[in-house]
Number of protein chains: 2
Amino acid sequence: MSKTRLNQLGDLQLKIMKVLWERSEATVAEVHETLARELDLAYTTIATMLRKMEGRGLVKHRVEERKFIYRPQVKEDEVASKMSAHFIEGLFEGSLADMMSHLLSTQEISREELERLEKMIAERKKKL
Amino acid sequence: MSKTRLNQLGDLQLKIMKVLWERSEATVAEVHETLARELDLAYTTIATMLRKMEGRGLVKHRVEERKFIYRPQVKEDEVASKMSAHFIEGLFEGSLADMMSHLLSTQEISREELERLEKMIAERKKKL
DNA sequence: TTTACATTATTACCACGGTAGTATTACCTT
DNA sequence: AAGGTAATACTACCGTGGTAATAATGTAAA
């Protein structure tokens, strides 16, 4: 198992995981194809990356008619949590509010988004 | 110049930058000492890292009585913004609300923090 | 059955973050 | 003047993300 460090996936690894999360499983070709519109990578690049990721325990594969079918070995939520925590820790001393404060004052945000945020927080407050 | 990729600083680099940002400038010894409680790193590790960071344009140094005095070449806000944007992009398709939604449902958050968030958002809404 | 094609295997690189030992230099103290 | 000390310079190494070319292999088509 080796409890892969989920707190830091590379950009490409993340993109690959996203494809896998969305489809539950996929062949190398499918992943490659899905990412093709976004990234111009060689087929073998994806294949290599997936193999490496399997080494890290991020994915696992089975064989079916000569093809490798990969599926995630870690949950998206888990990864998102670990990565978020790590990120917020490193940049905002772990304070979610500090991060939001910074984001609110620097990022472009629509009224809709603000309202969504407002609702979420209100909702969350109830659960306490 | 090379417009250093501010969107991705390593953990150690960030920690070093934080020291520099806080003090405006510092010698290798000061950085090393400041981080000592947290990290057990060789003096030369810090020195090397700072030299590498200077190569990337993150810091700059001047010499004073035989010592290198380093100062940041990039602003904390700028780095925080770039890194945040990159992070949110990679994990939440760029949606701040999506990130918050995830964070709110998985992270431990105190009532105080929630209220702080609430106020911030209300405040931010006014400015629109 | 030969050939083309799809797929994985093998191997190789590069960049960079991180880590640090050893060498050199220069200053300061006896 | 010799020797200690503090600082930087140089060099080296490892892990890993990313990228991919080439080789091998098996399958399907002609």
Side-chain angles (χ1 to χ4, degrees), chain A residues 2-20 25-36 38-70 74 79 83 86-87 90-91, chain B residues 2-19 25-33 35-36 38-70 74 79 83 86-87 90-91:
Chain A
S2 81
K3 260 306 136 230
T4 308
R5 275 96 193 86
L6 298 175
N7 51 322
Q8 230 148 345
L9 297 209
D11 288 1
L12 179 57
Q13 299 189 346
L14 242 199
K15 284 187 210 289
I16 291 175
M17 287 310 290
K18 287 211 167 255
V19 175
L20 261 24
E25 56 176 40
T27 63
V28 178
E30 285 166 346
V31 174
H32 179 243
E33 206 174 295
T34 304
L35 295 179
E38 195 187 344
L39 303 171
D40 185 29
L41 292 175
Y43 181 94
T44 56
T45 298
I46 305 296
T48 304
M49 205 64 218
L50 276 165
R51 203 146 356 87
K52 287 188 175 185
M53 287 163 73
E54 183 156 29
R56 298 262 133 58
L58 291 173
V59 301
K60 209 163 70 162
H61 83 278
R62 70 173 194 283
V63 183
E64 215 163 88
E65 352 168 343
R66 209 69 242 146
K67 294 183 191 109
F68 278 22
I69 302 183
Y70 284 94
V74 294
V79 170
M83 285 186 70
H86 178 80
F87 175 74
L91 207 47
Chain B
S2 81
K3 259 306 136 230
T4 309
R5 275 99 191 88
L6 298 175
N7 52 322
Q8 230 148 345
L9 296 209
D11 288 1
L12 179 56
Q13 300 190 346
L14 242 200
K15 285 187 209 290
I16 291 176
M17 287 310 290
K18 285 209 167 257
V19 175
E25 55 177 40
T27 63
V28 177
E30 284 166 346
V31 174
H32 179 244
E33 205 174 295
L35 295 178
E38 195 187 343
L39 302 171
D40 186 30
L41 293 175
Y43 181 93
T44 55
T45 298
I46 305 296
T48 304
M49 206 63 219
L50 277 165
R51 204 146 355 88
K52 287 188 177 186
M53 287 164 73
E54 183 156 28
R56 297 262 134 56
L58 292 172
V59 300
K60 208 163 71 163
H61 83 278
R62 70 172 193 283
V63 184
E64 215 163 88
E65 351 168 346
R66 212 69 243 146
K67 293 179 191 114
F68 278 24
I69 302 183
Y70 285 94
V74 293
V79 170
M83 286 186 69
H86 178 80
F87 176 75
L91 208 46

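A, B, ... follow the sequence lines: proteins, then strands. Residue 1 opens every chain.
Of all non-hydrogen atoms in B:Met83 and B:Leu6, the two that sit nearest each other are CG-O, 3.3 Å.
In this structure, the CD atom of A:Gln13 is 17 Å from the P atom of D:dG15, given to the nearest Å. Per the geometry, CG belonging to A:Asn7 stands 11 Å off P belonging to D:dG17, to the nearest Å. Rounded to a whole Å, the CZ atom of B:Arg5 is 16 Å from the C1' atom of D:dG17. Rounding to whole angstrom units, CE of residue A:Met17 and C1' of D:dG18 are separated by 17 Å. Between B:His61 atom NE2 and D:dT8 atom C1' the separation is 9 Å, expressed in whole Å. In this entry the distance linking NE2 of B:His86 with C1' of D:dG17 reads 12 Å, nearest Å.
Without hydrogens or angle criteria, B:Thr44 side chain to B:Ala47 main chain gives no donor-acceptor distance under 3.5 Å.
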What one-letter contact string describes nucleotides 19-30 of chain D from 5' to 3', where B marks a base within less than 4.0 Å of any protein heavy atom, S marks contact via sugar-phosphate atoms alone, and - marks no contact?
BBBB---S----
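B:Gln13 has its side chain out of reach of B:Lys52: every pair of non-hydrogen atoms, C-beta onward, lies at least 4.5 Å apart. With a 4.5 Å cut-off on side-chain heavy atoms, B:Leu9 and B:Met53 do not count as touching. Side-chain contact between B:Leu39 and B:Lys15: present, with at least one pair of heavy atoms (C-beta onward) separated by less than 4.5 Å.
Here the range on DNA chain C touched by chain A, meaning any atom under 4.0 Å from one of its heavy atoms, is C:dT7 to C:dT10.
Partners of B:Lys18 according to the salt bridge (Lys or Arg N to Asp or Glu O under 4.0 Å) rule, which considers only residues two or more places apart in sequence or in another chain, are A:Glu93, B:Glu76. Applying the side-chain hydrogen bond (donor to acceptor under 3.5 Å, both in side chains) criterion to A:Thr34, with sequence neighbours excluded, gives A:Arg23.
B:Tyr70 pairs in a side chain to side chain contact (heavy atoms under 4.5 Å, CB included) with only one of the listed residues (B:Val31, B:Ile46, B:Val19, B:Val28), which is B:Val28. Checked options A:Ile16, A:Thr45, A:Leu41, A:Asp40; the residue passing with A:Leu35 is A:Ile16 (criterion: side chain to side chain contact (heavy atoms under 4.5 Å, CB included)).
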Return the polar atom pairs (N/O with N/O) between nucleotides 2-4 of chain D and the protein under 3.5 Å, or none.
none

Would you please test B:Asp11 and A:His86 for side chain to side chain contact (heavy atoms under 4.5 Å, CB included) and show each step?
CA-CA 10 Å; B:Asp11 288 1; A:His86 178 80; 3.0 Å; yes
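At a threshold of 4.0 angstrom between heavy atoms, the contacts of B:Tyr43 include nucleobase atoms, whether or not backbone atoms are also involved.
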Review item, side-chain donor-acceptor pairs of residues 57-65 of chain B, under 3.5 Å, at least two apart:
from	atom 1	to	atom 2	distance (Å)
B:His61	ND1	B:Glu54	OE1	2.7
B:His61	ND1	B:Glu54	OE2	3.0
B:Arg62	NE	B:Glu64	OE2	3.1
B:Arg62	NH1	B:Glu25	OE1	2.9
B:Arg62	NH2	B:Glu25	OE2	3.2
B:Arg62	NH2	B:Glu64	OE2	3.2

